[in-house]
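Bear in mind the structure is a predicted one, so any value in this text is a computation, not a measurement.
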Amino acid sequence: QVQLVESGGGLVQDGGSLRLSCAASGLTFKTNSAGWFRQAPGKEREYVALISWSGNTYYADGMKDRFTISRDKALTTVYLQMNNLKPEDTAVYYCGARDGIPTYYSNSYDYWGQGTQVTVSS
C-alpha cells in the first residue's frame, strides 16, 4: 500500500525558511516522479515544483529563486526547501507521486499525502 506523509510545515515570519519532507512507503522515486503542490483557501491546487524519476527538476514561475526540490539518496523522501517565504506562500502544501514523467497537472498524480500547513505571517 502506497503512502505519502508530508511534514515540516508551520508558522514562520515573512522572509523565513521552512523545509518540507515527503516520505514515501510502498514506492520509491527511482521510477516515480514527485511534485509539490499547494492550495490556498478558495483557490485551486497549483504546482510549485517537480522532480522526475531521473532527477530533473522543474519549478513554477517565480519559485526557482526561492524554492528547491530535492530527494534523498534512498529515493524514498522528497524535500522542498523554501526560503524567503512571503505571506502569499501561505497554503496547504501537498506531495504527489506518479509513475513516469512529471507533470504540472495535479489530476495526473496517482498518490497524494495529507498535506502540511504553511503559514507565513507579515
Side-chain angles (χ1 to χ4, degrees):
Q1 183 177 359
V2 174
Q3 190 174 17
L4 301 177
V5 179
E6 299 102 333
S7 62
L11 174 64
V12 65
Q13 290 186 333
D14 191 354
S17 297
L18 285 173
R19 189 193 197 201
L20 305 184
S21 299
C22 172
S25 57
L27 64 77
T28 72
F29 298 111
K30 183 177 181 179
T31 56
N32 288 272
S33 296
W36 282 101
F37 292 75
R38 68 186 184 185
Q39 189 165 17
K43 295 188 177 181
E44 294 186 353
R45 190 170 296 191
E46 63 174 355
Y47 112 90
V48 174
L50 313 174
I51 186 164
S52 72
W53 59 269
S54 61
N56 293 326
T57 58
Y58 309 86
Y59 297 90
D61 290 343
M63 303 291 181
K64 189 173 183 179
D65 57 341
R66 299 188 297 123
F67 295 178
T68 303
I69 189 171
S70 63
R71 57 189 185 178
D72 68 348
K73 291 183 179 179
L75 301 180
T76 59
T77 303
V78 173
Y79 304 100
L80 183 68
Q81 177 67 43
M82 305 187 294
N83 298 325
N84 192 21
L85 283 161
K86 305 175 187 301
E88 52 264 41
D89 295 317
T90 295
V92 178
Y93 283 69
Y94 296 92
C95 171
R98 69 185 303 270
D99 186 23
I101 63 174
T103 172
Y104 50 77
Y105 293 110
S106 61
N107 58 7
S108 296
Y109 283 75
D110 302 310
Y111 307 103
W112 289 98
Q114 81 288 354
T116 185
Q117 176 70 48
V118 171
T119 303
V120 185
S121 63
S122 57

Can you tell me how far [atom2] of [Y] sits from [atom1] of [X], rounded to the nearest 0.5 angstrom?
X: Thr76; Y: Asn32; atom1: OG1; atom2: CG; value: 12.0 Å
X: Tyr94; Y: Glu46; atom1: OH; atom2: CD; value: 12.5 Å
X: Asn83; Y: Phe67; atom1: CG; atom2: CZ; value: 8.5 Å
X: Leu75; Y: Trp53; atom1: CG; atom2: CH2; value: 11.5 Å
X: Trp36; Y: Tyr47; atom1: CH2; atom2: OH; value: 15.5 Å
X: Ser122; Y: Asp14; atom1: OG; atom2: CG; value: 7.0 Å

Non-hydrogen side-chain atoms of [X] and [Y] separated by less than 4.5 Å:
X: Arg38; Y: Thr90; answer: no
X: Ser108; Y: Arg98; answer: yes
X: Tyr58; Y: Ile69; answer: no
X: Val118; Y: Met82; answer: yes
X: Thr103; Y: Tyr109; answer: yes
X: Ile51; Y: Phe29; answer: no

Shortest non-hydrogen separation from [X] to [Y] and the atoms involved:
X: Arg45; Y: Ser106; value: CD-CB, 4.3 Å
X: Val92; Y: Gly115; value: CG1-CA, 3.8 Å
X: Ala91; Y: Ala40; value: CB-N, 3.8 Å
X: Leu27; Y: Ala97; value: CD2-CB, 4.1 Å

Are the side chain of [X] and the backbone N or O of [Y] linked by a donor-acceptor pair below 3.5 Å?
X: Arg71; Y: Lys30; value: no
X: Asn84; Y: Arg66; value: no
X: Gln114; Y: Glu6; value: yes

For residues [X] and [Y]: do they belong to one hydrophobic cluster (side chain heavy atoms under 4.5 Å, members Ile, Leu, Val, Met, Phe, Trp, Tyr)?
X: Leu50; Y: Tyr105; answer: yes
X: Val78; Y: Val48; answer: yes
X: Tyr111; Y: Tyr93; answer: yes
X: Met63; Y: Leu20; answer: yes

Other residues, nucleotides and ligands only: do more than 12 of their heavy atoms fall within 6.0 Å of [atom1] on [X]?
X: Glu88; atom1: CD; answer: yes
X: Leu11; atom1: CG; answer: yes
X: Lys86; atom1: NZ; answer: yes
X: Tyr104; atom1: OH; answer: no

Val12: side chain to side chain contact (heavy atoms under 4.5 Å, CB included) partners, not counting sequence neighbours: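 So Val12 forms a side chain to side chain contact (heavy atoms under 4.5 Å, CB included) with Leu18, Leu85, Val120.
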
